[in-house]
Amino acid sequence: MRWSKAFIPTLRDDPADAEAVSHKLLVRGGYIRQLMSGVYSVLPLGQRVRERVMAIIREEIDAIGGQEFLLPQLHPSSIWEQTGRAETMADIIMSFKDNKGAKIILGPTHEEIFATAATELTSYKQLPQLWYHIQTKFRDEARPKSGLLRVREFTMKDSYTFDMDFAGLDIQFDRHFDAYMRIFHRLGMEAVAVRASSGAMGGKESVEFMVRSEVGEDDVAACTSCDYAANLETATSRLDPIDDSGYGGELERFATPGVRTIDDLARFDGGVQPDRQIKTLVYVLDGELTLILLRGDHTLQEQKLQDATQSIELHAAQAEEIHTLLGADPGSLGAVGVEEVRVLTDVALQDRRGMTTGANENDFHVRCVDIERDISVGEWVDIRMVEEGEACPECGEPLEVYPAIEVGHIFKLGTFYAEKLGLSVLDENGQKTPIVMGSYGIGVERSMAASIEANHDDRGIVWPVDVAPYHVVITVVRTDDERSREVSTSLYDELTAGGVDVLLDDRDERPGVKFTDAELIGIPLRITVGPRGLDAGVVEFTERQTGDQREVAIADAAPEVLRFLGRTT
RNA sequence: CGGGCUGUAGCGCAGCUUGGUUAGCGCGCAGCGUUUGGGACGCUGAGGUCGUCAGUUCAAAUCUGACCAGCCCGACCA
């Protein structure tokens with residue numbers, strides 16, 4: 001492609017509405033333009049990268065036996081109602097009525113539709129299967145952000161596996177795991193696999209692939225020593241035991257005027273340190289008011305709470321609801337003596353004695369609380385948010401917590417969809433048996449953006465060779481120089497004929513503009529052709545990533561490019 | 001959904017407090033000329049329903065109200 005004919009609208013200034021580096025560079029580099037919140041037009045350069053990302057994914061999924069489909073974006077809402085997800089995913093589903101009045105859902109994911117296709121599987125002899133497609137998804141995210149990192153319309157590679165049993169599922173799951181690690185590596189990212197919450201997917205086990213980044217929206221707790229890593233939504237840690245000996249005694253109510261917070265009580269004369277307090281929260285879980293007990297210095301992890309209770313909708317209770325339930329306001333709440341209310345207690349409070357908590361009367365607390373003795377615990381659950389520096393649950397070394405971008409997520413779904421949608425095969429004995437499913441997703445545009453977050457410098461994008469929109473840019477320093485035109489054109493022709501994607505910068509611009517643009521859009525190799533070099537019979541190679549420059553004899557240029565690209569000559 | 005901020009030319013911005021005639025600046029864009037190894041310079045020129053609607057006023061980019069859109073923080077979210 002000749003740059004003079006290409007539509008590559010680069011910008012000098014950062015777009016005013018961009019914050020994330022990948023967003024700024026994608027817009028400035030002429031890769032994308034925003035159409036509306038969370039919806040982007042992909043320009044020619046962006047489309048080339050997108051195609052390369054999809055090609056890499058396709059290669060790796062084909063390599064583990066994937067068969068490519070293309071399932072629709074328009075789904076009848078009835079199928080979503082059968083699995084119950086029309087309701088559980090209602091807040092992100094985009095839908096409309098067709099001209100006959102039928103409700104159509106714009107697919108946010110394709111478990112239901114692949115499962116529908118899989119109803120034609122009838123025999124164990126047909127299993128296992130690995131099906132996938134690369135298709136547009138629609139999700140009405142409440143708050144799209146950061147350019148391509150969080151959008152409402154995007155492309156996803158989603159695969160689905162169908163097996164006789166969980167052992168088969170495990171094999172397909174592991175194959176996907178390995179394929180995903182290869183894919184992200186080829187996309188220029190070092191992904192970390194973490195244990196995750198499977199949320200509304202209806203699954204039992206899931207692994208997320210995370211790329212460490214300041215603009216990431218998830219938090220990962222990772223061991224500094226062993227390979228333990230988990231999304232903060234599921235992470236656990238080992239706590240130092242607290243010695244409660246010497247804290248026995250009878251319950252004692254005492255006045256705490258003005259004390260409303262854990263810290264207040266820690267500073268109060270006659271109060272105690274946060275780890276000797278019980279924090280009492282009131283949540284509404286699927287409509288039921290529930291007490292949540294945590295150690296005073298601990299924080300609730302809402303996703304862990306949701307997973308532990310299998311609740312669909314939860315939120316903190318309103319002040320009035322709390323007062324009606326317990327007769328006091330937040331700051332003076334406790335579970336001592338509370339009956340007939342569901343109480344969920346974090347496991348960090350197990351066996352604790354000599355604790356202090358609110359008395360359910362404003363300005364009063366209770367001390368010498370023995371959890372087992374004085375509180376109707378209800379259920380013990382792990383719902384505490386892990387903090388940086390706590391001990392790894394597996395090896396005891398410190399955990400670190402960092403933000404990361406979720407670029408992929410794989411799920412062991414089990415038989416949820418089989419049961420809802422009637423997926424079954426006959427086994428060797430002629431017995432009807434439900435099909436065991438897995439699902440596996442990679443966000444294509446998000447991966448593009450994440451790759452930029454991981455591969456850029458202050459001049460622009462630094463694409464890995466495999467995903468760059470062009471491998472090489474030939475920068476013609478003087479377009480009015482006859483020799484420069486001849487050499488650059490013949491090199492362009494030779495490389496193009498050899499299967500190299502070349503951008504020939506033949507624009508009538510000053511050299512500085514061309515160099516800056518080439519670096520901004522991130523082409524891995526620049527070949528500078530100008531009178532200065534041609535006098536010595538050479539062109540100049542500049543590697544985007546390292547900045548290394550070297551002179552190459554004109555005749556050696558093409559083979560040198562192939563060597564750079566890792567192709568043998 | 002709560003909080004904050006912003007809508008003026010393709011991009012980035014000023015002007016609004018204190019209403020007043022042809023609404024400015026930089027970049028970019030077109031033509032001509034000079035230039036040409038790290039975002040050149042001169043001259044000429046094109047390009048704007050000032051987010052939308054309503055109101056106040058002799059007069060609204062500017063004041064008032066409603067609405068719409070976008071960004072950021074939070075909530076929410078495979």
Side-chain angles (χ1 to χ4, degrees), chain A residues 7 9-20 23-24 27-28 30 33-39 83 85 88-93 107-112 137-147 150-152 154 156 158 160 196-203 206-209 215 217-218 231 233 302-303 306-307 312-316 406-413 416 438-443 446 459-460 475-481 484 505 507-520 526 528-535 538-540 542 547 549 551:
Chain A
F7 182 64
T10 58
L11 301 174
R12 289 194 182 215
D13 300 315
D14 279 335
D17 55 5
E19 206 94 334
H23 187 190
K24 290 178 182 175
V27 173
R28 279 189 58 207
R33 288 294 184 261
Q34 184 177 47
L35 184 63
M36 60 180 182
S37 180
V39 179
T83 60
R85 295 210 299 177
T88 56
M89 293 177 73
D91 45 356
I92 65 157
I93 286 178
T109 174
H110 282 77
E111 278 79 10
E112 277 78 356
K137 311 293 185 208
F138 298 90
R139 296 183 187 182
D140 199 358
E141 296 285 349
R143 189 149 100 75
K145 58 181 290 199
S146 306
R150 185 181 184 77
V151 294
R152 299 195 293 168
F154 61 98
M156 172 174 273
D158 42 325
Y160 303 85
S197 159
S198 32
M201 292 299 296
S206 81
V207 169
E208 286 172 334
F209 294 83
V215 296
E217 297 189 77
D218 287 273
N231 191 308
E233 294 176 348
E302 283 196 10
Q303 189 65 48
Q306 182 162 22
D307 291 345
I312 292 169
E313 199 280 329
L314 80 175
H315 61 267
E406 177 194 344
V407 287
H409 200 162
I410 60 180
F411 300 85
K412 292 185 180 177
L413 296 175
F416 176 84
S439 83
Y440 317 82
I442 294 178
R446 180 181 282 184
R459 295 180 172 190
T475 301
V476 185
V477 174
R478 293 287 302 263
T479 49
D480 58 351
D481 176 57
S484 295
D505 194 351
R507 293 176 297 168
D508 183 19
E509 290 287 351
R510 293 174 65 84
V513 173
K514 299 186 182 190
F515 295 149
T516 310
D517 271 348
E519 284 157 354
L520 173 63
R526 187 180 87 218
T528 309
V529 177
R532 201 168 74 188
L534 295 182
D535 285 341
V538 299
V539 294
E540 186 177 298
T542 306
Q549 298 191 358
E551 294 182 340

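Fair warning: this is a prediction, and the values are worked out from it, not measured in the lab. Letters go in sequence order (proteins before strands), and every chain restarts at 1.
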Please tell me if the side chains of [X] and [Y] come closer than 4.5 Å, counting only heavy atoms from C-beta onward.
{"X": "K412(A)", "Y": "S206(A)", "answer": "no"}
{"X": "F138(A)", "Y": "P108(A)", "answer": "no"}
{"X": "E217(A)", "Y": "E406(A)", "answer": "no"}
{"X": "V27(A)", "Y": "L11(A)", "answer": "yes"}
{"X": "D17(A)", "Y": "Q34(A)", "answer": "yes"}
{"X": "L534(A)", "Y": "S484(A)", "answer": "yes"}
{"X": "D140(A)", "Y": "D91(A)", "answer": "no"}
{"X": "R33(A)", "Y": "P9(A)", "answer": "yes"}

May I have the distance from [X] (atom [atom1]) to [N] (atom [atom2]), rounded to whole angstrom?
{"X": "Q306(A)", "N": "C76(B)", "atom1": "CD", "atom2": "P", "value": "9 Å"}
{"X": "R150(A)", "N": "A75(B)", "atom1": "CZ", "atom2": "P", "value": "11 Å"}
{"X": "D218(A)", "N": "C76(B)", "atom1": "CG", "atom2": "P", "value": "13 Å"}
{"X": "R143(A)", "N": "G4(B)", "atom1": "CZ", "atom2": "P", "value": "15 Å"}
{"X": "D91(A)", "N": "C1(B)", "atom1": "CG", "atom2": "P", "value": "12 Å"}
{"X": "K24(A)", "N": "C11(B)", "atom1": "NZ", "atom2": "P", "value": "18 Å"}
{"X": "D13(A)", "N": "G10(B)", "atom1": "CG", "atom2": "C1'", "value": "12 Å"}
{"X": "D140(A)", "N": "C77(B)", "atom1": "CG", "atom2": "C1'", "value": "11 Å"}

If I pick the [atom1] atom on [M] and the same atom on [N], what distance separates them, to the nearest angstrom?
{"N": "G4(B)", "M": "C77(B)", "atom1": "P", "value": "24 Å"}
{"N": "A23(B)", "M": "G47(B)", "atom1": "P", "value": "13 Å"}
{"N": "C53(B)", "M": "U49(B)", "atom1": "P", "value": "12 Å"}
{"N": "A14(B)", "M": "U8(B)", "atom1": "C1'", "value": "10 Å"}
{"N": "G26(B)", "M": "G20(B)", "atom1": "C1'", "value": "28 Å"}
{"N": "A61(B)", "M": "U17(B)", "atom1": "C1'", "value": "14 Å"}
{"N": "G65(B)", "M": "C27(B)", "atom1": "P", "value": "38 Å"}
{"N": "U35(B)", "M": "C25(B)", "atom1": "C1'", "value": "26 Å"}

Would you say the side-chain atoms of H23(A) and K145(A) include a donor-acceptor pair closer than 3.5 Å?
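Per modelled atom types, H23(A) and K145(A) side chains form no pair under 3.5 Å.
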
Checklist entry - So, T10(A) and D517(A): side-chain donor and acceptor under 3.5 Å apart, yes or no? => result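 Yes.
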
Under a 4.0 Å N-O cut-off, is there an ion pair linking [X] with [Y]?
{"X": "D13(A)", "Y": "R28(A)", "answer": "no"}
{"X": "E111(A)", "Y": "R85(A)", "answer": "yes"}
{"X": "E519(A)", "Y": "R526(A)", "answer": "yes"}

All N/O contacts under 3.5 Å from nucleotides 46-49 of chain B to the protein, with atom names and distances to one decimal?
none

Using modelled atom types only, decide if a donor and an acceptor are shared between the side chain of Y160(A) and the backbone of H110(A) within a distance under 3.5 Å.
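A pair under 3.5 Å: yes.
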
*asked:* Within the 4.0 Å heavy-atom criterion, would you say P9(A) contacts the bases, only the backbone, or no part of the nucleic acid?
replied: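 No contact.
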
5' to 3', nucleotides 34-39 of chain B under a 4.0 Å protein heavy-atom cut-off (B base, S sugar-phosphate only, - none) gives -BBBBB

A correct dot-bracket answer for RNA chain B, with pairs being Watson-Crick or G-U at under 3.5 Å, [ ] for crossing pairs and | for inter-strand pairs, is (((((((..((((......[...)))).((((((.....)))))).....(((((..]....))))))))))))....

Please write out each protein N/O paired with an N/O of nucleotides 66-71 of chain B under 3.5 Å, distance rounded to 0.1 Å.
unit_1, atom_1, unit_2, atom_2, d
G70(B), OP1, S37(A), N, 2.8
C71(B), OP1, Q34(A), NE2, 2.9
C71(B), OP2, S37(A), OG, 2.9

- Query: To the nearest 0.5 Å, how far apart are CG in L314(A) and CD in Q306(A)?
  - Reply: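 Going from CG on L314(A) over to CD on Q306(A), the span is 5.0 Å.
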
Check the interface with nucleotides 6-9 of chain B: list each N/O to N/O pair with the protein under 3.5 Å, or write none.
none

List in chain and number order the residues that pass side chain to side chain donor-acceptor pair (under 3.5 Å) with D480(A), two or more places apart in sequence or in another chain; answer none if no residue qualifies.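 By the side chain to side chain donor-acceptor pair (under 3.5 Å) rule, D480(A) matches R478(A).
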
Smallest separation among heavy atoms of T479(A) and K514(A), with atom names: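 Heavy atoms only, the tightest pair is CG2-NZ, 3.6 Å.
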
